Amino acid sequence: MKFKGKISPWWRALTGVFNVIVLFGIYVTGLSVAVIPFIFLLVVPDLFFIPVLIKNEVTVDKKEVLIQFGLLRKRIPVKEITILKAVESMSTSYAASSDRIEITTKTLTSPVYVSLETPREFVQEVRKYNHKIKYMIG
């Protein structure tokens, strides 16, 4: 089952503001050699930001949880998951919103965070395949 990732307004605003600033810099410098750093500053971060707006989802089946966050992918075996917990965090993660689900596993050294539009349904779906998961979703 697929779950749509949540994208906060701040993610969209950050992407837009960043692009406006860089495009303004390109406009001010005109078409010259000086524009190359601005183009680089536009293209590299947008390779991360814009794909997240297009492809941000989590797929759950009986074997694994597949997180698709823009160009990034992460596979987590369902049987390895030990805890699902709701958290408010701005840590680096597969999430474009501060309200996240922390996924703790037996094998990963640090938790994985995702932000979903329907977190309760996600927890129910994962727990169908692994009843031993502890969950703390408010």
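Just so you know, residue 1 is the first one in the sequence shown, and it goes up from there. Nothing here was measured: the structure is a model prediction, and the numbers come from that model.
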Exercise for the section: Tell me, with the steps shown, if Lys106 and Glu80 meet salt bridge (Lys or Arg N to Asp or Glu O under 4.0 Å). Expected result: CA-CA 5 Å; Lys106 296 174 191 173; Glu80 296 291 319; 5.3 Å; no
Mark yes or no for whether [X], through its side chain, and [Y], through its backbone, hold a donor-acceptor pair below 3.5 Å.
X	Y	answer
Arg127	Ile133	yes
Lys63	Lys79	no
Asn130	Ile81	yes
Thr15	Phe49	no
Glu121	Val123	no

Could you grab the distance from atom [atom1] of [X] to atom [atom2] of [Y], nearest 0.5 Å is fine?
X	Y	atom1	atom2	value
Thr105	Ile83	OG1	CD1	10.0 Å
Lys4	Glu117	NZ	CD	5.5 Å
Ile101	Arg120	CD1	CZ	10.0 Å
Thr59	Leu66	OG1	CG	5.0 Å

Using the rule that two of Ile, Leu, Val, Met, Phe, Trp, Tyr join whenever any of their side-chain heavy atoms come within less than 4.5 Å, decide whether [X] and [Y] are in one cluster.
X	Y	result
Ile7	Ile50	no
Val17	Leu23	no
Leu47	Ile21	no
Ile76	Leu72	yes

Quick one: are [X] and [Y] in side-chain contact, heavy atoms under 4.5 Å?
X	Y	answer
Tyr135	Val126	no
Lys74	Val112	yes
Phe69	Val114	no
Arg12	Leu53	yes
Lys2	Val58	no

Closest approach of [X] and [Y], non-hydrogen atoms and distance?
X	Y	answer
Phe3	Phe122	CE2-N, 3.4 Å
Asp46	Pro51	O-CD, 3.2 Å
Lys6	Asp99	NZ-OD2, 2.7 Å
Ser97	Ser115	CB-OG, 3.0 Å
Phe18	Pro45	CZ-CG, 3.4 Å
Met1	Glu125	SD-OE1, 3.8 Å

Problem - Residue that, paired with Tyr113, satisfies side-chain hydrogen bond (donor to acceptor under 3.5 Å, both in side chains) out of Arg100, Glu102, Lys85 - result: Glu102
